[in-house]
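Input: a single structure, listed below in structure tokens.
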Amino acid sequence: MNDNLSRAKEIHAKNVNFQTSSSENGAKQKNRPKETPLKHQKVLGWQPIFSVWTVIPVVFIIGLASISIGVVLLLINDSAKEKIISYESCNNGRVPARCNISFYINEPFESPVYFYYGIKNYFQNHRQYLKSRSDQQLHEVANCGSPWDKDDNMINIAPCGAVANSMFNDTFSLYFPNGNNLVPWTHDGVAWEVDKNMKFRNPGLINNDDCRHQTKSELERLFKNYSHPRNWEKEIWDLSEEEGNTCNNGFMNTDFIVWMRTAALPAFRKPYRIFNGRLPKGYYRLEIMSNYPVVEFHGKKSFIIATTSWIGSHDSTLAIAYIVGGSICLMIGTIFLYIHLKFGYKSDLIGVQ
Amino acid sequence: MNSDEQIPKKRVTFSGEVAKYEYSSDKLINEHMNIWLQPRLSDLKQDLNERVPFSPLRRKRKLDETNTDFKTSVKIEQEPIRIEPRKEMGPLKDNVNQKVDVDELWDDVEKHYLEREAISHKKEAREIDCEGKVVAHETPEIKKFKFTQESSVQEENVYNNPLLEWKPAQVDREARAGPPTGLIVNKNWEEPTLGWCVDTVILVRRSKDIAKTKEKPAYVRYCNMVPKISRVKGKHPTTPNKSLESKNVGHKQSTFCHEIDSSAILITRKTARKSTMFLANDNKSGDYKIMQLSLDWIDVPAFMSGYFFQRPYMVLRQTSSTSMDNHGPLVPRKIFINREQQVEKFCSNEISTAKYNAISFLPRFLLEQFRRYANIFFLVIALLQQIPDVSPTGRYTTAMPFLIILSVSALKEIFEDFKRRRMDVQVNNYKVQVLRQEKWQITKWRDLKVGEIVRIEDGHVFPADLILLSSSEPQGMAYIETSSLDGETNLKIRQALPTTADNTSIAQLVNFQAELECEQPNKNVAEFTGTLKIEDNSRPLGIKEFLLRGAQLKNTKWIAGAIVYTGHDAKLLKNSNIAPLKRSNIEVMTNHRILFLFATLVVLALVSAIGAQIYNSYILEGAWYLGKTRALDFAWNALTFFILYNNLIPISLQVTLEIVRVFQASYINQDIDMYDERSDTPANARTSNLNEELGQVKFLMTDKTGTLTRNVMKLKRCWIGGLGYGDDESDQFSDSALVQNMISGHHTSENIREFLTMLSVCHTVVPEKEENVISYQASSPDEGALVRGAAAIGFEFHTRKPDRVTIRAMDRDIEYEVLNILEFTSDRKRMGVVVREEDGKIKLYVKGADNIIFDRLSKEYNKEMRKNCYEQLEEYATKGYRTLCFAMAEIDPEVYQDWARRFHEASISIDRREQKLAEIAEEIENNLLLVGATAIEDKLQEGVPETIRALMKAGIRIWMLTGDKRETAINIAQSSALTTQSTSLLILDKKSYDETFLKLESFVETSRQFIRDKVEFALVINGHALHHAFIGEARRLFAELCMNCRAVICCRMTPIQKAEIVDMVKSIDDHIVLSIGDGANDVAMIQAASVGVGITGEEGLRAASASDYSIAQFRFLQKLLLVHGTWNLDRTVKVILYSFYKNITLYIIELWFALFSAFSGQTIFERWTIALFNVIFSSWPPVILGLFDRPLPEEILLKHTFLYEEFQKNSFSLYMFALWLFVSLWHSLLLFFLTYLFMAHEVVWSNGRVGGWLMLGNACYTYTVATVCLKSLLECDSWNFVQVFFSIGSIISWFVFLVFYSMLWPFLPFASDMCGMATIMMSSGTFWMGFIFVPTITLLFDFIVKGIQTNLFPSSREKMVVLHRPTKRNRVCPDCPQPERNNSYEHELIERGPRRSNRRVEPSLEPLRQYGGTDQIHTSPPLSTTHQPDQERNPSPPAEIVFTRTVRSASSPNPPSYGAYFNQGASVSISTDDENERRRFATCERAKFVRSSLGRRQSSSTALEQQAMSGFAFSQEEDGAIGQSELVRTYDSTRKKPEGF
């Protein structure tokens, strides 16, 4: 075989000689390929080999790193708190109903405190449901093309579609433990800026700030030719109590925007209000106007009070996953090491005897 | 067997079980078939033999003249055959007792079959076109011809072959009076209608035919059955009389009846269409099949002579590649030479090889595209998406990418076809001189018409098939070179009919009128039959007058020829199949995998639809919020899911592959190592879709001439009187010592002189003097080399007259009178001349194969000298030279007189002339004096042995297919390292099926034995035997034998046979066959192969342009296969598997999401991100994988060639596919559910908001993209910056895309769902933590699996990488003694390879190895135990296996057994490094040699087989159009040539 090789080399050498001599002669070698590493597949490369000496360190490093990240996450996550108040039993699920629920918070919630409503077994991600909306309409007030776009009188509906039609309409009021003081929460910051500023626009607005100057009656005029969704009792311009401007009214109503951001999974929560203050511990009273029927589809409603950490609300899954993953790594690394030490040179690639 | 008792009975009883007929759906056939025959056909055969001696179905044909349909006009006067069950055979179905008219049955079967046939034939549109026209122009007169054509024998001579249903020729034609003189006419015979044949040439040819026929086993059987005396006229076939004139058809045909086995008659019928049907039993399925066989006269005996019936398995006629064609009616083609109006309309001479034209492009292209399942699938998906409200992914997300893909392919096709078209135009526009309006007009090839006369000048190519009318040479001779047809570059001689040969002026040609009749266009390049009728005077035309399109006129100033076949009718084009659409094996497999995925997809869609059903009816019952939208029925849901999951089938795969392949092809084009400096040709990949096939080649079919050899023969060495001259290095023979010895009166001086004289006198070479430069025309390249060699030394042969030759020996002219020429035949293996010197001495010069010459040396001859010569020859042979021995004898004039008389008698004898001549020649070829020996080098192409050795080590079986003779082929095989000195050759050259079958059986057994004993062996097979080996049971045996043989040498192959063999090997087990060749004769084979490689050589570009890859040198194959092939295979497979993987990984997530979205068909990802996954985010990793991955560096692949085979093993197996499938499933599970776990609570920001549907989707998508891209890096075997860049870059590209995409809304009416999602997603801490965690954990699985695999079950790639990484090794085990480890490592690696490395071979074996010696070192079992049992079983082994004559050494501890073995005429060679054993063995060998040279002399024809390997006989055109002596006798180099016009 050496022989072959040397022969081949010889031939090659001959060729090279020949080629240099002929090119010196100015021979026509038009077709000669150019020699570049890329064309000749000579680009330098490193050949990875997954030997024990690669696998063991990598696995150990990954394992250790994972575990430490997991521990850190666990600690961070501890600062987030959560209180879930289920209320599907309010008036045995019949709507509308008004309920009062008292609950106790055993440690204070630091500012800011977030309030959510949560629904379970509700398929906002159903294909037919999810696509039954018109973002075009929400932006420009045009007619939308879905079968939901007209009411019985053949008047166009705004906002059209199943999503808008099924908007959540329970209302909550939370009272501090010391008396009947309402928790002064706000809807500012509940919706994403991009939704508020770009995606959802009331008709007749030219600039973003124009909503402040737009009056409710103006909005009413603009929506005059449209009907409200079938399940709504309010008109679209009545979504907000505020009279002054329409920045939280019509399509730009925060609750509406939040609802329209459909959830990915059948159990979801949606932000309701934010309280930029501290909730001390004690007994609270939650007053619920339960309008939204969920019993038909075995849904469950809840009200959630939470604070967040850097990685969101209280949920240790991520941290646990990191720790578990890291442990598995360490375990595998150990097994590898064991095999290597025990069977040593026989088993691994490097030490074939 | 008494034949009188066995006079044919008209009832034949069949018995047995009921056969199931294949076309059972057809009612008609079914009815008949139920009662048709029994499966145990051997019983039937026995039946027949017992009851019917020869012709069970004697028939007379009654022709209904009024009926125009010939087929139905045939009625047979015969009682129907009754099919009855034989009682003892057991119960049968009820209807068995039914009587069936066999003829009627056949009519039905035939009709049915023909219908099927007609459909399949539409493919061959062009052919049918031509034939169709012929039929359309059929006149009643011609119709009559049909029968006369069939009959071909006189009324008197009728014999009852039911295959030939004839009627005596009723042609108006005056019988010529009286039999030719000297003929003894049987008095029973009446004066024949057509007259007696007087043309001696025809008579000779016929007697040859008849003699050949008589050797057939069928004839022998027939003679046994019906002895000559008991034959009854009109009842039994008789041997045709060669003297009887027959019409049009070669006499060969009339003799063919004897070649047909009687048993076959039963199942044959309807010869009128020149085709016959068979009912044959398919061994595999046990079903019967109707098979049609066209009675091509050449093929039929081959099929029929075997016990076809006994082994009832046959090849169904394949329209594409068998040598049988011409199913049309047998109507001769009638041409009026020099007349504008022809009876029929013929094809134009314009050819077109382009695949498409403007109209056919779209349908054909689409047809081709939609042959891919994937394309059909995507079309359907794209259409389905148009249905409103069904598609979950919008309407154009499939259609758009799909259209892009199609248009890319269309552009590529158009470009490729355009190149072909340009070539055609070039050929069609070649200029040629044609006789029009009484002068030579220059016209284009495409304007030529049948019947016109053209003039071709020296060196030009014939534009169509021509009949030679006259030429510038004496007697209308012309030399042609047919290298473009059969690859043989030696000149062939053609000669015009004497009656036309003197038409050498334009005036004569203008007035020349003749009528030409010939056979319809066919593929057979070696045969042509026709008649030329000039003024009622008919002359037979044969191949002698026939000039083939594509052949080249050589050494002839001009010729005039009449055009016979034009354009696609020409034999050349008939031989070149339409370029097949090749698909790589991988592609086919990919299609299957895609089919599997498709099935999975359907299942998933159905399951999901069921899921939807469940949700709708139970869980979503009260979901008022869904409103009226939700009620979709099951079918719609299924459709939705079908569309949803459609991306499981990777849409981008085709485009990715296309891109990868184009670049891979450009790698090949750009490879400097495959660039030929001398001819300035780089390698060229003409099609890019077979790149990966290069890495899977199992069989390599190589042409010899021009591919392995340069076809340049040079005299290299010679041995005279005990002294060797010449050296291996110098190009042309030159040795001053030789001249010195001759002049200086050395004791061998006379010997030398005699030797040189012989070289220049004893041959059939013709000198051509052109301005004092002599060039030699040799029909045998060896002779040419010898004459040239002698001329270089100073013995120049310069003049040949019909009876004498003149040489100038050392500046003195000497004339020799050539008294006799003892022609070369392959049986004689020698050639001689008897000359009279100027002083009246009569000398016999003989040259030939060494063993032949040695056998005939004078007994007193010095034994030392013999030994010396033998050793010298041995050395020559070792170097791969073709050796010849030269001997002479002086003949006493009186003895000569007597001998010459007898020789003359023999030479004019008509009966068995060749044999008689040989016998008489043998008489004086006696008591010869050894003069010398020569070694001629058939120069190999550069690096051929090295390449072949490397490829064989890579596990490739190499077949050499050549049109050459066996000796030449074996010799070249030897020198090109295909076989070695120690290789045992199995020679298969039987002429009948039976013999071939038996031989195959024994060979298969032998080969198994050889494999067990690790003996190297090779198969040598010739074209004829090959023909039989393809048929029936033999095919199976042959297939096994082929798989066992590492090397096969096929000689005497026609181009189409080459293609057939390629086809056959391909079909054995779907092997990848690579064909390599350089000439037009290789085109068919190149096109038939899985991969065709053309050599851009001197023989033009036809092969190269038909090939898939063209290279300039054979040796480049090494890099092409071992490096490019391996890489491309590895890469392509990775690309495909990876493409599957990434698609499944991403899109199966949809299924997991469906579990949470009520099976509503909602996608988890945004629709265009789904569509773009394959187009952007994961499109680069596979491309880069396909372009930059390098499993092993080039050097290692070339060094350890066994890796080639290793890489094939796991490449695209089901296991790999399943593994990747599993990995992708696992990944998708992890990716989705980990994301789900992290994102389920939705609040993943510190600002407490929720992201909604697309937050989950985008996060999951991001993780998937990252995983998939990193996976490509993990799979990559060599990381370079490109790979890393594109992997990481792809991930980044997704982020970039997301940023821009989420800013589109509301500025563009697009992607409202995505509005702002980039910022939302990227501001989440959880997302980033997941981004680190999810891909890592997902890939960790792969990483660990790889780790385990690498460490516990390392692949050879991994070992090689480690082996060639010294630093690593040092680090691992610094204590281990380095060199040893090294060794052990290599040892282990080598063990894994198919053969052991030869680096361990001892130095003593070095020379052996250099010339293709084995690398194997076997301590084989003693010979006595391994081979003798064989002999015992087989009482006459010598004929069966012929071993090499040289034996290097042996390791057997039992030397005496050798002797015993040698007595059997065979030897076994085993190499070892034991010096002693070797010597002892060599002595043995010598003893054997001496013995054999003294021993019995074998009659040449029977001895041929045994001697096949002992000695090389030069090749010369035998059975050529013109005999050697005839040529010499007519040639006069001093005569002035006719100048012509």
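Proteins come first, then strands; the chains are lettered A, B, ... in the order of their sequence lines, and each starts at number 1.
- Put simply, of A:His314, A:His298, A:Lys199, the one with the most heavy-atom pairs under 4.5 Å next to chain B is A:Lys199.
- A:Phe50 is not listed as a side-chain neighbour of B:Ile1348, based on a closest heavy-atom distance of 4.5 Å or more.
- Note that the CD1 atom of A:Ile62 and the CG atom of B:Leu1339 stand 9.5 Å from one another [nearest 0.5 Å].
- Within the 4.5 Å cutoff, no side-chain heavy atoms of B:Phe1333 are placed close to those of A:Leu73.
- Of all the heavy atoms in B:Gln1162 and A:Arg127, the pair that sits closest is OE1-CA, 3.3 Å.
- You'll find the side chain of B:Val1250 reaches within 4.5 Å of the side chain of A:Pro271, heavy atoms only.
- Only the side chain of A:Tyr292 comes within less than 4.5 Å of a heavy atom of chain B; its backbone N, CA, C and O stay farther away.
- Of all non-hydrogen atoms in B:Arg1249 and A:Tyr116, the two that sit nearest each other are N-OH, 4.4 Å.
- By number of non-hydrogen pairs under 4.5 angstrom with chain A, the leading residue of B:Ser1324, B:Gly1316, B:Ser666, B:Gly1251 is B:Gly1251.
- Of all the listed residues (B:Phe1159, B:Phe1327, B:Trp1127), the one sharing the greatest number of non-hydrogen pairs under 4.5 Å with chain A is B:Trp1127.
- For B:Leu1274, the parts lying under 4.5 angstrom from a heavy atom of chain A are both the backbone and the side chain.
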Evaluation steps, side chain to side chain donor-acceptor pair (under 3.5 Å), between B:Ser1157 and A:Asn125: CA-CA 6 Å; B:Ser1157 66; A:Asn125 59 6; 5.0 Å; no
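- Across B:Ala1240 and A:Leu265, no two heavy atoms sit closer than the pair CA-CD1, 3.9 Å.
- Between A:Phe297 and B:Tyr625, the distance from one ring center to the other falls under 6.0 angstrom.
- With a 4.5 angstrom heavy-atom cutoff, B:Tyr615 touches chain A only via side-chain atoms.
- Note: B:Trp1328 and A:Trp310 fail the aromatic proximity criterion, with ring centroids not under 6.0 Å apart.
- Only the side chain of B:Leu1340 has a heavy atom closer than 4.5 Å to any heavy atom of chain A.
- Using a 4.5 Å cut-off on side-chain heavy atoms (C-beta onward), A:Tyr129 and B:Ser1160 make no contact.
- Only the side chain of B:Met1317 comes within contact range of chain A, judged by heavy atoms closer than 4.5 Å.
- Contact record, B:Cys1315 with A:Val194: SG-CG2, 3.8 Å, taken as the closest heavy-atom pair.
- Of the atoms belonging to A:Pro293, heavy atoms from both backbone and side chain fall under 4.5 Å from chain B.
- Looking at A:Pro266 and B:Phe1156, their side chains come closer than 4.5 Å, going by heavy atoms from C-beta outward.
- In this structure, B:Trp1305 contributes its side chain and A:Asp135 its backbone to no donor-acceptor pair below 3.5 Å.
- No side-chain heavy atom of A:Gln128 sits less than 4.5 Å from a side-chain heavy atom of B:Leu626.
- B:Arg1357 places a side-chain heavy atom less than 4.5 Å from the side chain of A:Ile49.
- Between chain A and the options B:Thr947, B:Leu1237, B:Thr1319, B:Ile619, the largest number of non-hydrogen pairs under 4.5 Å is found for B:Leu1237.
- In this structure, no portion of B:Gln1283 lies under 4.5 Å from any heavy atom of chain A.
- Using a 30° and 60° split on the angle between ring planes, B:Trp1279 and A:Trp46 fall in the perpendicular class, above 60°.
- With a threshold of 4.5 angstrom between heavy atoms, B:Ile1337 approaches chain A through side-chain atoms but not through N, CA, C or O.
- We find the CG-CD1 distance between A:Asp195 and B:Ile1320 to be 6.0 Å, quoted to the nearest 0.5 Å.
- Note that CG of A:Leu318 and CE of B:Met1329 are 6.0 Å apart. Values are rounded to the nearest 0.5 Å.
- Residues B:Phe1238 and A:Thr317 approach most closely at CE2-O, 4.1 Å, considering heavy atoms.
- With a threshold of 4.5 angstrom between heavy atoms, A:Ala191 approaches chain B through N, CA, C or O but not through any side-chain atom.
- A cation-pi geometry, defined here as NZ or CZ lying under 6.0 Å from the six-membered ring centre and within 45° of its normal, does not hold between A:Arg261 and B:Trp1253.
- For B:Gln670, the parts lying near chain A are the backbone and the side chain together; criterion is any non-hydrogen pair under 4.5 Å.
- Interface residue B:Phe1153: only side-chain heavy atoms are found under 4.5 Å from chain A.
- Only the side chain of A:Ile69 comes within contact range of chain B, with at least one heavy atom under 4.5 Å from a heavy atom of that chain.
- Heavy-atom distances place no part of B:Phe663 under 4.5 Å from chain A, backbone and side chain included.
- In this structure, chain A has a heavy atom under 4.5 Å from the backbone of B:Asn669, while its side chain stays farther away.
- Ranked by heavy-atom pairs under 4.5 Å with chain A, the first of B:Glu1194, B:His1241, B:Lys1346 is B:His1241.
- Looking at heavy atoms from C-beta onward, B:Ile672 lies out of side-chain contact with A:Lys34 at the 4.5 angstrom threshold.
- In terms of heavy-atom proximity, B:Pro1193 sits nearest to A:Gln47 at CD-OE1, 3.9 Å.
- Of the listed residues (B:Gly1347, B:Ser1278, B:Gly1248), the greatest number of heavy-atom pairs within a distance under 4.5 Å of chain A belongs to B:Gly1248.
- Considering only heavy-atom pairs separated by less than 4.5 Å from chain B, the leading option among A:Thr308, A:Thr262, A:Ile328 is A:Thr308.
- In this structure, CE in A:Met198 is found 4.0 Å from CZ in B:Phe1307, a value given to the nearest 0.5 Å.
- Using a cutoff of 4.0 Å between basic side-chain nitrogens and carboxylate oxygens, B:Glu677 and A:Arg32 are scored as salt-bridged.
- Proximity to chain A involves both the backbone and the side chain of B:Ile1332, based on heavy atoms less than 4.5 angstrom apart.
- No other option in A:Ala321, A:Ser313, A:Ala267, A:Gly325 has as many heavy-atom pairs under 4.5 Å with chain B as A:Ser313.
- Of the inter-residue distances, the one linking A:Ser166 atom OG with B:Trp624 atom CH2 reads 5.5 Å to the nearest 0.5 angstrom.
- Among B:Pro392, B:Ser1246, B:Gly1325, the residue making the largest number of heavy-atom pairs under 4.5 Å with chain A is B:Ser1246.
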